[in-house]
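The structure appears right after this line, and notes come after that.
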Amino acid sequence: MANLSRSIIAILIVCLGLGLTLMASLTQGAIPLGLTELQQALWHQGSSINQTVVWDLRLPRIVAALMVGSALGLSGALLQGMLRNGLADPFILGISAGAGLVAVAFLTLGFLQSWVPLAAWLGAIITTGIVYLLARNPSGISVERLLLGGVAISSLFGALQSMLLLLSDDGRIQAALNWLIGSLNGRGWNELIIAGPYLAISLLVGCTLARVMNLLQLGDDLAVSLGVSLWRSRLLIGAIAALLAASAVSIAGLVGFVGLIVPHGARLLVGTDYRWVLPLSILGGAWILLLADLLSRLGAIELPVGIVTALLGSPVFVWLLYRRSYQS
């Protein structure tokens with residue numbers, strides 16, 4: 001009962017923080033809006049400039065931050081639970097490498113720019129499939145081979161990315177780097193409509209995996225004795241995590257540290273029961289990325305949101321490494 005109360009309180013606190021950050025994101029920016037002006041703009045009343053700012057600039061960007069953050073948070077929680085490794089990241093399966101290589105190729109070689117999100121999504125999914133094929137063995141999917149395959153593919157594709165950047169024009173390099181760093185600037189309703197259905201379905205399916213995730217934490221032998229198919233479970237969890245991360249990448253580019261840090265915060269707040277960890281990771285990821293996006297555009301020069309998440313996440317990651325070494 002105490003754990004249930006703690007979990008409910010944690011979710012309520014995160015929801016409160018998310019709501020306050022959402023209000024600040026709508027009102028703060030290059031053109032500050034009062035509550036009355038915001039209300040009028042939301043109802044398509046008042047100044048046409050305020051309506052344009054709210055509906056064409058801020059709302060799509062806010063929705064994009066919520067979608068990307070929730071996808072990365074849940075993806076990180078699923079992978080960390082599947083691999084039983086608290087330092088696992090949504091991009092550990094080569095997702096970032098595949099998406100980054102395809103996006104850089106499109107941007108530097110001058111292909112249709114409007115196809116970059118879809119191409120990056122396909123690149124991430126195909127790369128994840130290759131990593132899973134490398135991880136297969138006669139008894140199923142090996143976690144060690146999964147990790148090693150992800151590292152090998154990431155190294156290979158990273159080298160190809162660097163080669164494309166070195167051989168391309170300066171103007172195209174800037175566009176590619178902006179995508180690789182991760183940014184929500186200029187995101188509109190079209191990008192969200194394309195990625196939204198895949199992301200929403202993946203979030204719903206991911207939340208139904210809580211029972212399997214809890215059983216996997218008991219160890220492979222005990223999980224099998226309780227009726228869990230390791231091969232099928234890991235394939236499904238990895239596929240959902242890859243689909244979530246690929247959808248996030250197709251919207252915002254490569255935004256790091258959200259999927260690594262948020263699941264840790266969720267476990268610190270509600271324990272290791274994935275019935276609570278998964279929904280809290282969704283809410284926490286959405287909150288963290290929305291807050292990072294708000295901070296990225298409060299200064300005189302707007303920063304890519306990927307830089308802000310790296311600045312916020314790096315100290316936490318160092319602390320996690322220190323904590324693990326201290327405990328061992």
Side-chain angles (χ1 to χ4, degrees), residues 64 67-80 82-83 88-109 111-135 141 146-162 164-165 176-184 187 191-192 194-203 205-206 234-260 285 289 305-306 309:
M67 291 171 60
V68 172
S70 61
L72 292 176
L74 181 58
S75 179
L78 290 173
L79 287 176
Q80 288 180 12
M82 181 185 74
L83 301 175
D89 183 84
F91 297 145
I92 199 169
L93 300 181
I95 296 169
S96 62
L101 177 60
V102 174
V104 168
F106 268 65
L107 291 170
T108 57
L109 298 178
F111 296 147
L112 291 175
Q113 305 299 296
S114 59
W115 287 86
V116 170
L118 178 60
W121 184 84
L122 290 174
I125 296 298
I126 293 172
T127 305
T128 305
I130 295 173
V131 172
Y132 261 86
L133 288 176
L134 293 175
I141 294 175
L146 196 66
L147 296 174
L148 292 174
V151 171
I153 293 296
S154 296
S155 299
L156 173 61
F157 285 4
L160 294 175
Q161 282 181 35
S162 300
L164 287 173
L165 290 173
L177 289 177
N178 188 51
W179 194 91
L180 289 174
I181 293 172
S183 176
L184 294 172
R187 298 305 182 267
E191 292 90 342
L192 306 183
I194 293 173
Y198 304 102
L199 202 150
I201 294 172
S202 300
L203 288 174
V205 175
R234 285 173 177 161
L235 182 63
L236 178 60
I237 294 170
I240 295 299
L243 191 58
L244 286 167
S247 300
V249 164
S250 70
I251 297 173
L254 306 183
V255 178
F257 286 100
V258 176
L260 177 66
L289 194 60
V305 70
T309 58

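The residues of the chain are indexed from 1 along the displayed sequence.
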I would like to know whether Leu134 and Ile153 meet side chain to side chain contact (heavy atoms under 4.5 Å, CB included); could you show each step before the answer? CA-CA 10 Å; Leu134 293 175; Ile153 293 296; 4.2 Å; yes

How many angstroms lie between [atom1] in [X] and [atom2] in [Y], if you round to the nearest 0.5 Å?
X	Y	atom1	atom2	value
Leu93	Leu146	CG	CG	5.0 Å
Glu191	Met67	CD	CE	10.5 Å
Thr127	Leu122	OG1	CG	10.5 Å

In the structure I gave you, are the side-chain heavy atoms of [X] and [Y] within less than 4.5 Å of one another anywhere?
X	Y	result
Leu243	Val205	no
Val102	Ile126	no
Ile240	Met82	no
Ser70	Leu203	yes

Testing the basics here: between [X] and [Y], what is the closest heavy-atom pair and its distance to 0.1 Å?
X	Y	value
Pro90	Leu72	CG-O, 3.8 Å
Ile95	Ala245	CD1-CB, 3.7 Å
Trp179	Gly100	CZ3-CA, 3.9 Å
Gln161	Ala97	NE2-O, 3.5 Å
Ala176	Thr108	CB-CG2, 4.2 Å
Ser247	Ser250	O-OG, 2.7 Å

What residues, two or more places apart in sequence or in another chain, satisfy ring pair (Phe, Tyr, Trp, His ring centres under 6.0 Å) together with Tyr198?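 So Tyr198 forms a ring pair (Phe, Tyr, Trp, His ring centres under 6.0 Å) with Trp121.
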
Between Ser154 and Val151, is there a donor-acceptor pair closer than 3.5 Å when you use the side chain of the first and the backbone of the second?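 Side chain of Ser154 to backbone of Val151: no pair is present.
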
Pairs under 3.5 angstrom only: tabulate donor-acceptor contacts from the side chains of residues 73-80 to other protein residues two or more places apart or in another chain.
residue	atom	partner	partner atom	Å
Ser75	OG	Ala241	O	2.9
Gln80	OE1	Arg267	NH1	3.2
Gln80	OE1	Arg267	NH2	2.6
Gln80	NE2	Gly86	O	3.4
Gln80	NE2	Ala88	O	3.0
Gln80	NE2	Leu260	O	3.2

If you apply the rule side chain to side chain contact (heavy atoms under 4.5 Å, CB included), what do you find for Val68 with Val258, and how did you get there? CA-CA 9 Å; Val68 172; Val258 176; over 6 Å; no

Could I get the full list of side chain to side chain donor-acceptor pair (under 3.5 Å) partners for Arg234, not counting sequence neighbours? Asp220

Listed by chain and number, what are the side chain to side chain contact (heavy atoms under 4.5 Å, CB included) partners of [X], not counting sequence neighbours?
X	result
Ala71	Leu199, Leu244, Ala248
Leu235	Tyr132, Ile141, Trp231
Ile181	Pro304, Ile307

Working note: Asp89 + Phe257, criterion side chain to side chain contact (heavy atoms under 4.5 Å, CB included); need CA distance, chi angles, decisive distance, verdict. CA-CA 8 Å; Asp89 183 84; Phe257 286 100; over 6 Å; no

Leu164/Leu101 under side chain to side chain contact (heavy atoms under 4.5 Å, CB included): CA gap, chis, key distance, verdict: CA-CA 9 Å; Leu164 287 173; Leu101 177 60; 4.0 Å; yes

